[in-house]
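Okay, so here's the structure we're looking at.
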Amino acid sequence: MNESNTAPDDGNEQNGDGQRDFIRDIIRADLAAGRIETVVTRFPPEPNGYLHIGHAKSICLNFGVAQEFGGRCHLRFDDTNPVKEEREFIDSIQEDVRWLGFDWGQHLYFASDYFEQLYEWAEHLIRTGKAYVDDLSAEEIRAYRGTLTEPGRNSPYRDRPVAENLDLFRRMRAGEFPDGARVLRARIDMAAGNMNLRDPVLYRILHVAHPRTGDAWCIYPTYDFAHGQSDAIEGVTHSLCTLEFEDHRPLYDWLIENLPVPSRPRQYEFARLNLTHTVLSKRRLTQLVRDGHVRGWDDPRMPTLAGLRRRGVPPTAIRDFIRRVGISKSDNTVEIALLEHCIREQLNRTAERRMAVLHPLKVVIENYPEGESETLEAINNPEDPAAGTRAVPFGRELYIERSDFMEDPPRKFFRLAPGREVRLRYAYFITCRKAIKDARGEIVELRCTYDPATRGGNAPDGRKVKGTIHWVSASHALDAEVRLYDHLFNRPDPGAEGDFLADLNPDSLTVLDNCKLEPALAEATCEAAVQFERTGYFIRDPESTSDRPIFNRTVALRDTWAKLQARGGEQKDRSTR
RNA sequence: UGGGGCGUAGCCAAGUGGUAAGGCAGCGGGUUUUGGUCCCGCGAUCCCAGGUUCGAAUCCUGGCGCCCCAGCCA
């Protein structure tokens, strides 16, 4: 067997440092006891939306487990409801799973591939007296179902003869009845405490074209009737799903036991991922896109894999994040800070460094010869010597960050101020001589002098400077737009007190349209994020044009100075109150 | 007495009768040509109450709290 059904090796499985959780414990035990020979899992998305980071948990679990135990994982689309599903999603889902780093090899399946088999099994249930055609309307079925505390009542059609059920069901398939006229129901127990066992609907009439089967069918199986049987057809051994399906397991098992299926899959449930400051329900994400609160499914503020990709988040960071979050059965809400940490950790190791000034302030080096420039050498990645160095042009006129100058600095401010000396990274020590203001009193330019003996950033006399700041040569700078992103929602728990839309962060996107980049950034790609030194990680956005690059901020660098300042501000507030 | 599940530090999460891993966040300190990275240090008696035991987060009993289920969605 030479299948390319793999998951990336993130280096956790070598030395017993592998994942430990109740799912893997079960699989290990099943393998050890000989209950199964090969573990087979599946990732079963419904093609009705884009994949998000919550799905990544399921993807990493299913594919990861298959790889760790030498089994395989199928990608199976749960396409049983044509009124919600679209081709676009079938494509995007495959692209996103691949981008995340997983490969299903030849094992791409669709529940719709099994429609004929499922239909035959439905007839089998009818023939064995375990399913019947019900003429009740949707409202009537609901009324007959009872409530959480009261048992339901049998439908008057529950005891139809087998022959009549068979005839009716075949005519349902033949298209003789309009939508909603009849359904096929399992005959289980209308008094069951578990609502799923109160004669669940197995088939409904839907005169709707299916993205894959076209108009071949006008009756479609429900999730419950399709999922377990699809698992059985594919030989799935461990059908892993989220907690809300726990109640469905008795029905899953009932169907498997009452049908002549080729294998005996088992369902296990784990807790889905929740993240602070965002939403992960398909309904809400769809609403954000549909109502224009974001610019699309791949808006960098979205928790979708497409959004994270455009944001510059590497797939390795997502896999690492999922690994750290773990698998359990307790409801959880993971702080988004953990995700951000994983992104920084990955990017710190791999992203090349560049200099970019987001809020430019002009600096003129008065003692630097006019019209001249020179080239300085800068390290691409101090964490990775193999990344080498690059040339950065320097000249008499530069841009520095506005926040790196203060006319009247507080005690611990290490940057530029009148009379103060700082290091320009990889360049020279400069001393601020004068701040020039415009009519409104705003500082528009700094006049400085440099020490030619400090080329490269070291003083031969051994004198130290407290601060090192980044800069960009004015005459060589690239003009760019930079988009800064913040959490999409203000609250850690959007919607906890009403409409989740009311919790949208109005400042989740800040566009800076006068940024100055060092020339090497012209070569940046949309695939790999770079670090703008002292600022954060950024990635070129596909909306860039050749003459105007656009960069998205993936995540800011940790900023203990900003934290200190914020704390100081708080203290001041408290003392003045 | 409707059914199902969960409850270990601010957030995740190991632990499966032998005396509470780890990560993130936070707080101190050190190194540093990114106030980045890196390094060092600091936190829980396990929802509560009884019980079993030499010994319990782990077993038993009884409470309390939270989540899911009444789609012809998945």
Side-chain angles (χ1 to χ4, degrees), chain A residues 20-21 25 44-46 48 78 80-81 83-85 134 136-138 141-143 145-152 179-185 191-198 200-206 219-220 222-224 226-227 241-250 269 271 273 276 282-283 321 323-342 344-345 348-349 353 355 378-379 382-383 412-415 423-427 429 456-458 464-470 492 531-536 556-564:
Chain A
R20 275 272 149 171
D21 53 63
D25 286 346
E46 183 191 12
N48 69 343
D78 234 326
T80 57
N81 186 1
V83 326
K84 293 189 170 182
E85 295 152 9
D134 196 345
L136 254 29
S137 69
I141 286 180
R142 191 183 317 128
R145 188 153 32 224
T147 70
L148 293 178
T149 52
E150 303 156 19
D179 288 4
R182 293 180 222 266
V183 292
L184 182 73
R185 290 230 255 169
N194 182 342
M195 301 293 280
N196 293 117
L197 265 19
R198 321 247 265 225
V201 171
L202 269 21
Y203 266 91
R204 68 289 213 190
I205 300 171
L206 253 26
I219 58 172
Y220 293 94
T222 56
Y223 162 84
D224 286 308
H227 203 97
C241 63
T242 44
L243 254 26
E244 63 270 28
F245 291 98
E246 226 155 4
D247 283 351
H248 292 245
R249 179 153 31 93
E269 311 85 12
L273 173 70
T276 61
K282 212 143 8 167
R283 194 203 109 234
F321 169 71
R323 184 182 58 74
R324 294 194 199 213
V325 158
I327 300 289
S328 76
K329 296 195 68 156
S330 29
D331 291 324
N332 62 83
T333 302
V334 176
E335 290 176 344
I336 202 156
L338 178 60
L339 207 214
E340 292 167 349
H341 171 266
C342 293
R344 288 193 190 100
E345 187 181 73
N348 175 54
R349 291 206 305 263
R353 267 108 249 232
M355 290 198 282
I379 293 166
E383 307 293 320
K412 301 245 268 244
F413 187 78
F414 303 150
R415 283 109 95 150
R423 171 167 40 232
L424 293 179
R425 176 139 241 229
Y426 298 125
F429 286 11
N458 286 304
K464 304 285 187 200
V465 288
K466 293 283 279 187
T468 299
I469 65 175
H470 61 279
Q531 182 192 105
F532 287 0
E533 294 222 24
R534 303 208 306 135
T535 305
L557 247 31
R558 283 184 59 191
D559 189 348
T560 53
W561 167 242
K563 195 185 284 181
L564 260 178

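Chain naming here is simple, since letters A, B, ... match the order of the sequence lines and numbering starts at 1 in each. Only a predicted model underlies this, so the values are computations on that prediction, with no experimental measurement involved.
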Whole-Å P distance, B/rC48 and B/rC54: 24 Å
Partner nucleotide of B/rG36 by Watson-Crick or wobble geometry (both distances under 3.5 Å): none
Is_stacked (A/Y223, B/rA74) at 5.5 Å, 30 deg: no
Sugar-phosphate only, base, or nothing, as touched by A/P44 at under 4.0 Å among non-hydrogen atoms: nothing
Sugar-phosphate only, base, or nothing, as touched by A/N458 at under 4.0 Å among non-hydrogen atoms: base
Sugar-phosphate, base or nothing in reach of A/T276, heavy atoms under 4.0 Å: nothing
Touch class at under 4.0 angstrom, heavy-atom based, for A/H227 against every strand present: nothing
Watson-Crick or G-U wobble partner of B/rU61, both distances under 3.5 Å: B/rA49
Touch class at under 4.0 angstrom, heavy-atom based, for A/V183 against every strand present: base
Touch class at under 4.0 angstrom, heavy-atom based, for A/F245 against every strand present: base
Plane angle bin for A/H248 and A/Y223 - parallel if under 30°, tilted between 30 and 60°, otherwise perpendicular: perpendicular
Mate of B/rG2 where both pairing distances stay under 3.5 Å, Watson-Crick or G-U: B/rC69
Watson-Crick or G-U wobble mate for B/rG26, both contacts under 3.5 Å: B/rC42
Side-chain donor/acceptor contact of A/D559 with base of B/rG35 under 3.5 Å: no
Side chain A/N194, main chain A/D247, donor-acceptor under 3.5 Å: yes
Residue matched to B/rU8 through Watson-Crick or wobble contacts both under 3.5 angstrom: B/rG15
Sugar-phosphate, base or nothing in reach of A/F413, heavy atoms under 4.0 Å: base
Sugar-phosphate only, base, or nothing, as touched by A/T147 at under 4.0 Å among non-hydrogen atoms: base
Distance-only donor-acceptor test (3.5 Å): side chain A/R344, base B/rU37: no
Any donor-acceptor N/O pair, A/R142 side chain to A/S137 backbone, under 3.5 Å: no
A/E383 (side chain) and B/rG36 (base): donor-acceptor pair under 3.5 Å: yes
Whole-angstrom distance between B/rG35 and B/rA44, as gauged at atom C1': 33 Å
Close N/O contacts between protein and nucleotides 26-28 of chain B (under 3.5 Å):
residue: B/rG26; atom: OP1; partner: A/K563; partner atom: NZ; Å: 2.8
residue: B/rC27; atom: OP1; partner: A/R567; partner atom: NH2; Å: 3.1
residue: B/rG28; atom: OP1; partner: A/R567; partner atom: NH1; Å: 3.1

Side-chain-base donor-acceptor pair under 3.5 Å for A/E345 and B/rU37: no
Sugar-phosphate, base or nothing in reach of A/I327, heavy atoms under 4.0 Å: sugar-phosphate
Watson-Crick/G-U partner (both atom distances under 3.5 Å) of B/rA56: none
Touch class at under 4.0 angstrom, heavy-atom based, for A/N348 against every strand present: base
Sugar-phosphate, base or nothing in reach of A/Y220, heavy atoms under 4.0 Å: nothing
Donor-acceptor pair present, A/E533 side chain and B/rG36 base, under 3.5 Å: no
Under-4.0 Å side-chain N/O to phosphate OP1/OP2 contact, A/H470 with B/rU34: no
Touch class at under 4.0 angstrom, heavy-atom based, for A/D247 against every strand present: base
